[in-house]
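Here the structure is laid out as structure tokens; the discussion comes afterwards.
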There are 2 protein chains.
Amino acid sequence: MNISEAARRSGLSAKTIRYYEDIDLIAPAARGDNGYRQYDSKAVEELHFLARAREVGFDLLECRQLLELQRDRRRQSRHARQLVLEKSQQLQTRIEQLVAMQNVLQAMADRCKGDEGPECAILEDLAGASEGEGGV
Amino acid sequence: MNISEAARRSGLSAKTIRYYEDIDLIAPAARGDNGYRQYDSKAVEELHFLARAREVGFDLLECRQLLELQRDRRRQSRHARQLVLEKSQQLQTRIEQLVAMQNVLQAMADRCKGDEGPECAILEDLAGASEGEGGV
DNA sequence: CTTGACCTTACAGCCACGGGAAGGTTTACA
DNA sequence: TGTAAACCTTCCCGTGGCTGTAAGGTCAAG
């Protein structure tokens, strides 16, 4: 099948598939007489694997490692598990950061009247408060 | 004061301050006889404002809008509030995405033995499951 | 025979900077 | 006075993970 069909089936874009080939994440695709890339179901499976790994937050370097494990018959599942737990921890950290940011935003919004006037707790907060300035 | 002192006081890096000037986010700094950028406390306040806005998740386009409001005496606080609420909503969406990803990772890790053997629920999940394949 | 949907490569751009080169200035100290 | 370190300047490249666009070749339908 051609690249757009492989894209449709794998969940990646054709652009992305070419890019993955470019950076040697996947092996160069076979080519037809016309020079078009050809994909079989095995290739599509690998692409789909990558799409899934990206969806759950792995970057391309980690995808490379996961793909190596996937290809290695003598792999040890603890390596995959390690990658997953590390990624989970990274997500946890990031989530906590975002929640903290959101809490600050909510606190700002709560204190701002949000009317037609210029007085604005949000802008005052952004201007002044870094810590210890505007306590209760 | 020179740029590194302004950086220290504002919480931005000198690089970032120059970059903000480059993209016209802030006005070009005054220059001393030697060509060095000079900052007064008013300029530092604006830099600090930007640092705070970035910390809570605003991108540079939004920072531009916030800065306009901050400079405008006839602003309406509802505009700032609107920006904050939109950003909060964006963070909420992103947080939910990350939590969903993390749940998937945790579910994978829970089902993987993580031992010396090659059998690995994680790699099977990444390879196969997209939806409806691996039910209860 | 043309139209449109594919495919190819190659290069630019996105965001928000950071790194580093190559050079000028200032400051501290021997 | 010399010099070394610590500043400062501009400039351009690299990051991640793509997407967009240009300029062309190919293929299937009518």
Side-chain angles (χ1 to χ4, degrees), chain A residues 1-26 28-40 43-44 46-67 87 90-91 94 97-98 101, chain B residues 1-26 28-40 43-44 46-67 87 90-91 94 97-98 101:
Chain A
M1 84 196 73
N2 287 345
I3 197 169
S4 65
E5 179 65 14
R8 204 188 55 73
R9 293 198 198 180
S10 67
L12 297 171
S13 74
K15 274 281 195 190
T16 297
I17 294 173
R18 289 194 199 98
Y19 174 66
Y20 286 178
E21 186 180 318
D22 234 44
I23 62 170
D24 290 316
L25 181 57
I26 54 175
R31 299 288 181 133
D33 292 346
N34 50 16
Y36 289 12
R37 288 177 180 80
Q38 295 299 318
Y39 298 87
D40 57 17
V44 169
E46 212 164 64
L47 293 171
H48 185 227
F49 180 94
L50 288 169
R52 286 277 296 168
R54 294 287 294 127
E55 278 169 22
V56 296
F58 290 106
D59 64 31
L60 293 188
L61 193 55
E62 291 157 344
C63 284
R64 218 177 275 271
Q65 298 179 261
L66 287 167
L67 215 44
K87 182 53 59 182
Q90 288 169 25
L91 288 183
R94 185 63 184 147
Q97 284 173 2
L98 294 182
M101 289 157 60
Chain B
M1 84 194 75
N2 287 345
I3 198 169
S4 64
E5 179 65 13
R8 201 188 56 72
R9 293 198 198 180
S10 66
L12 297 172
S13 74
K15 275 280 194 189
T16 296
I17 295 173
R18 289 194 200 98
Y19 174 66
Y20 287 176
E21 187 181 316
D22 232 44
I23 63 171
D24 290 317
L25 181 57
I26 54 176
R31 300 285 182 134
D33 292 345
N34 49 17
Y36 289 11
R37 288 177 182 81
Q38 294 299 318
Y39 298 87
D40 56 18
V44 169
E46 213 165 62
L47 293 171
H48 182 64
F49 179 93
L50 288 169
R52 286 276 295 165
R54 294 286 295 125
E55 278 170 22
V56 295
F58 289 106
D59 63 31
L60 293 188
L61 192 54
E62 291 156 344
C63 285
R64 218 177 276 269
Q65 298 178 261
L66 287 167
L67 215 43
K87 182 55 58 184
Q90 287 170 25
L91 288 183
R94 185 64 184 145
Q97 284 173 2
L98 294 182
M101 289 157 59

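We use all heavy atoms of the structure for the numbers below, so side chains are in, but hydrogens, waters and symmetry mates are not. Just so we're on the same page: letters track the sequence lines, and every chain starts at 1.
With rounding to the nearest 0.5 angstrom, the CG atom of B/L12 is 6.5 Å from the CG atom of B/L50. The line from CD1 of B/I17 to CD1 of B/I3 is 5.0 Å long, rounded to the nearest 0.5 Å. Between B/R54 atom CZ and A/M101 atom CE the span is 8.5 Å, to the nearest 0.5 Å. A/Q38 CD to A/D33 CG: the interatomic distance, rounded to the nearest 0.5 Å, is 9.0 Å. Taking OH of B/Y20 as the reference point, atom CD of B/E46 lies at 12.0 Å (rounded to 0.5 Å). In this structure, OG in A/S10 is found 8.0 Å from NE2 in A/H48, a value given to the nearest 0.5 Å.
For B/D40, the side-chain contact (heavy atoms from CB on, under 4.5 Å) test picks out B/K42, B/A43, with sequence neighbours left out. The side-chain contact (heavy atoms from CB on, under 4.5 Å) test applied to A/R8 returns A/E5, not counting sequence neighbours. Partners of A/S13 under the side-chain contact (heavy atoms from CB on, under 4.5 Å) rule, at least two apart in sequence or in another chain, are A/K15, A/T16. Scanning for salt bridge (charged side-chain N to carboxylate O under 4.0 Å, His left out) contacts around B/R18 gives an empty result, with sequence neighbours left out. With sequence neighbours excluded, the residues that form a side-chain contact (heavy atoms from CB on, under 4.5 Å) with B/E21 are B/I26, B/P28, B/A29, B/R31, B/R37, B/Y39. In this view, B/R94 satisfies the salt bridge (charged side-chain N to carboxylate O under 4.0 Å, His left out) rule with no residue, not counting sequence neighbours.
Looking at heavy-atom distances under 4.0 Å, B/I23 makes no contact with the nucleic acid at all. Among the protein residues, A/R54 comes within range of the sugar-phosphate backbone only, with heavy atoms under 4.0 Å from sugar or phosphate atoms but none that close to a base.
The nucleotide range of DNA chain D contacted by chain A, defined by atoms under 4.0 angstrom from heavy atoms of the protein and reported 5' to 3', is D/dG17 to D/dC27. Along DNA chain C, the stretch of nucleotides lying under 4.0 Å from any heavy atom of chain A spans, 5' to 3', C/dC6 to C/dA10.
Shown for residues 31-38 of chain B: residues whose heavy atoms fall under 4.0 angstrom of DNA chain D, namely B/R31, B/G35, B/Y36, B/R37. For DNA chain C, the residues of residues 9-17 of chain A within the heavy-atom distance limit of 4.0 Å (strictly under) are A/K15, sorted by number.
Each end of the helix from C/dC1-D/dG30 to C/dA30-D/dT1 gets its own rotation axis from five pairs of C1' atoms, and the angle between them is 20° to the nearest 10 degrees.
Side-chain N or O atoms of B/N2 include none that pairs as donor or acceptor with a backbone N or O of B/S4 at under 3.5 Å.
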Can you give the donor-acceptor pairs under 3.5 Å from side chains of residues 57-67 of chain A to other protein atoms, not counting sequence neighbours?
from  : atom 1 : to    : atom 2 : distance (Å)
A/D59 : OD1    : A/L61 : N      : 3.1
A/D59 : OD1    : A/E62 : N      : 2.8
A/E62 : OE1    : A/D59 : N      : 2.9
A/E62 : OE1    : A/K87 : NZ     : 2.9
A/E62 : OE2    : A/K87 : NZ     : 3.2
A/R64 : NH1    : A/I23 : O      : 3.4
A/R64 : NH1    : A/D24 : O      : 3.0
A/R64 : NH2    : A/I23 : O      : 3.1

